[in-house]
Amino acid sequence: MIDRRDSYWWKQAVFYQVYPRSFKDSNADGIGDLRGIQDKLDYFRELGVDALWISPFFKSPMKDFGYDISDYKDVDPIFGNLADFLSLLEAAHERGLRIVIDLVVNHSSDEHPWFKAARSSRTDPKHDWYLWKPKTGRRPPNNWISLFEQRSAWYPNEATGEWYLATFTRNQPEFNWRNPELREAIYDATRFWLDLGADGFRMDVATAYFKDAEFRSNPFSFNLVPNLLQHHIYDRNRPEIFGVFKDFRAIADSYGDRMLIGETHGLDPGLAASCHGSDDDGLHMAFNFDFLYRRWSARLFRESAERWYKLLPSRAWPNFTLSNHDQPRHYYRYRSGRHADERARVTATMLLCLRGTPFLYYGEEIGMNCEQLPRAYLRDPLGVATWPLRIGRDPERTPMQWDDTLNAGFSPVQPWLPVNTDYRRKNVATQKSDPASLWNWYAALLRLRKSQPALVTGTLTWLDAPPEVMAWRRSERRQSEGKQNLEVYLNFSGKPEAINISAGIVLQGTRLPPGQAVSAGRCVLGPYEVLIISQS
Ligand code: GLC
Ligand code: CA
């Protein structure tokens with residue numbers, strides 16, 4: 001029996017994250033923009049993805065490159081204007097592509113008129129929309145830290161004799177979600193974009209909205225990563241958030257088929273899982289970031305996926321992702337000498353063949369790499385504050401490599417971040433014309449998903465395999481076609497691995513050609529070999 005809810009578009013879709021500054025520059029200022037994305041809409045169809053998540057393009061002083069918003073209902077001139085957004089949305093919908101946008105409402109920009117009013121006086125009606133503590137001395141009220149400045153999260157405000165809270169940069173003051181007017185203002189901005197036709201939201205740091213009512217200090221935790229020197233139990237992950245998720249869900253669902261996916265904290269899949277709500281009344285999806293932190297190991301990936309499936313409440317739908325604009329790209333993380341491309345085929349297959357909605361990050365389809373940038377090129381506040389530690393996020397945000405012309409075809413002028421030095425060799429145009437390229441591997445997998453519903457909605461059963469092989473079966477019973485069974489084998493090892501295989505026909509593989517019959521029994525997978533067979 002097929003559950004009707006499996007037909008929700010976002011369960012069947014493959015998402016593609018566009019970081020708009022770096023995708024395509026349409027007006028020669030070195031920064032990507034909405035018209036640039038629109039010019040490339042056919043590209044998404046060619047590749048075979050179904051939905052875009054576009055990182056923020058709203059009005060912003062760009063202290064955190066758009067994650068600091070100064071007008072929730074307008075487009076920043078760097079990216080275009082509202083008419084450009086509407087035109088992009090319409091053109092996308094004509095092609096059957098959905099567009100999900102970023103909702104950044106844990107904090108605003110310090111240049112938002114709300115904050116300007118709030119900080120002017122303790123009696124201003126907007127004052128209580130943000131978080132304040134009286135400033136009695138030089139010691140901040142507690143030990144909470146600003147992640148991107150690596151210092152106390154409390155900043156003085158002379159006009160009111162108070163501290164305000166900002167746990168990212170000082171330019172991102174945090175909202176007081178306990179204030180009902182603030183909540184209404186945010187819900188109003190949410191409806192604004194839904195009314196325009198946006199297909200949903202990716203909710204930025206969604207488990208951070210509520211802070212401890214008593215502002216207690218976080219307990220110490222031993223860790224080498226500065227941000228993790230404390231357990232974030234009081235400045236993040238408060239239980240009040242679940243009520244707000246229900247509100248958002250009700251708003252989104254009142255529009256029919258819109259979708260909410262939360263950034264609900266990477267390090268705790270259990271917390272992310274709980275954000276779906278116990279009765280399917282929370283977020284439609286909560287990002288599963290666990291793959292971002294896994295070492296190269298079949299066993300660890302399998303354990304991670306298994307754990308995620310177990311943690312999810314019964315009606316929740318899984319999702320997987322390997323890269324985004326905040327973490328080093330997985331091509332870079334998993335590179336191993338000459339085998340980077342082979343490994344990228346293994347991870348692409350894992351991402352696109354597990355049960356759950358996949359999220360791709362722009363450029364992963366050509367294996368974009370991360371290169372170290374000299375100090376003078378750094379733009380990300382985190383990278384600047386932590387230099388020379390190299391934990392900044394610029395390397396994963398470099399311009400998309402379209403072709404081998406000047407600036408990789410991204411812009412005719414010098415881009416805001418340097419293009420990777422490998423662009424002449426590694427770019428979309430070159431890879432599209434090479435049948436053996438990573439781009440064509442992704443495109444073939446995406447076509448396979450379309451022709452094999454079992455890969456999308458089918459059940460998943462793990463198959464016995466040696467520790468360095470990840471193997472599973474996807475099955476689906478369709479009334480007209482009977483049962484469809486499909487098996488995926490991934491050799492994570494650089495050595496041959498023997499497996500036991502069932503008889504079938506190759507659908508896609510790195511060694512065996514599609515259409516070849518394989519017989520049941522022992523089969524030796526070559527190093528990094530990928531094999532997908534159909535048994536129907
Ligand atoms: C999220 C975003 C990140 C941003 C931060 C503050 O983690 O993904 O890019 O800097 O929130 O808004
Ligand atoms: Ca531009």
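Read the numbers this way: they start at 1 and go in the same order the structure lists the ligands and their atoms.
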[X] near ligand 1, heavy-atom distance under 4.0 Å?
X      : result
Phe65  : no
Lys63  : no
Arg202 : yes

Is it the case that the ring center of Phe175 lies less than 6.0 angstrom away from the ring center of Trp177?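 No - the distance between ring centres of Trp177 and Phe175 does not fall below the 6.0 Å cut-off.
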So which protein heavy atom does [atom] come closest to, and at what separation?
atom                   : answer
atom 4 (C) of ligand 1 : Asp64 OD2, 3.4 Å
atom 7 (O) of ligand 1 : Glu263 OE2, 2.9 Å
atom 8 (O) of ligand 1 : Asp326 OD2, 2.4 Å
atom 2 (C) of ligand 1 : Asp204 OD1, 3.0 Å

Which atoms of ligand 1 sit under 4.0 Å from any heavy atom of [X]?
X      : answer
His107 : 6 (C), 12 (O)
Tyr67  : 2 (C), 4 (C), 9 (O), 12 (O)
His325 : 2 (C), 3 (C), 8 (O), 9 (O)
Val205 : 1 (C), 7 (O), 11 (O)
Arg393 : 3 (C), 4 (C), 9 (O), 10 (O)
Phe148 : 10 (O)

Are any of the side-chain nitrogens in [X] or [Y] under 4.0 Å away from the carboxylate oxygens of its partner?
X      : Y      : answer
Asp64  : Arg393 : yes
Glu46  : Lys432 : yes
Glu149 : Arg170 : yes
Arg95  : Asp42  : yes
Arg35  : Asp39  : no

Would you mind listing every salt bridge (charged side-chain N to carboxylate O under 4.0 Å, His left out) that reaches into residues 196-208, with sequence neighbours excluded?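 For residues 196-208: Arg98-Asp199, Asp102-Arg202, Arg202-Asp204, Arg202-Glu263.
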Within 6.0 angstrom of Arg139 CZ, more than 12 heavy atoms from elsewhere: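 Atom CZ in Arg139 is not packed in, count stays at 12 or less.
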Counting heavy atoms not belonging to Gln414, are there more than 12 under 6.0 Å from its CD?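 Result for CD/Gln414: open.
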Mutual orientation of the aromatic rings belonging to His325 and Trp53 [parallel < 30°, tilted 30-60°, perpendicular > 60°]: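 Ring orientation, 0 to 90° scale: perpendicular.
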Which atoms of the protein, restricted to N, O or S, are nearer than 3.0 Å to the Ca ion (ligand 2)?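 Listed by chain and number, the nearby protein N, O or S atoms are Asp25 OD1, Asn27 OD1, Asp29 OD1, Ile31 O, Asp33 OD2.
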Give me the atom names and distance for the closest heavy-atom approach of Asp124 to Ala117.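 Heavy atoms only, the tightest pair is CG-O, 3.3 Å.
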How does Arg397 reach ligand 1, by side chain, by backbone, by both or by neither, if only non-hydrogen atoms under 4.0 Å count?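 Only the side chain of Arg397 comes within reach of ligand 1.
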Cation-pi check, Arg329 to Tyr362: give yes when NZ or CZ is under 6.0 Å from the six-membered ring centre and within 45° of the ring axis, no otherwise.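 Yes, Arg329 sits over the ring of Tyr362.
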Geometric cation-pi criterion, Lys73 with Trp193: 6.0 Å, 45°: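 That pair does not qualify as a cation-pi contact.
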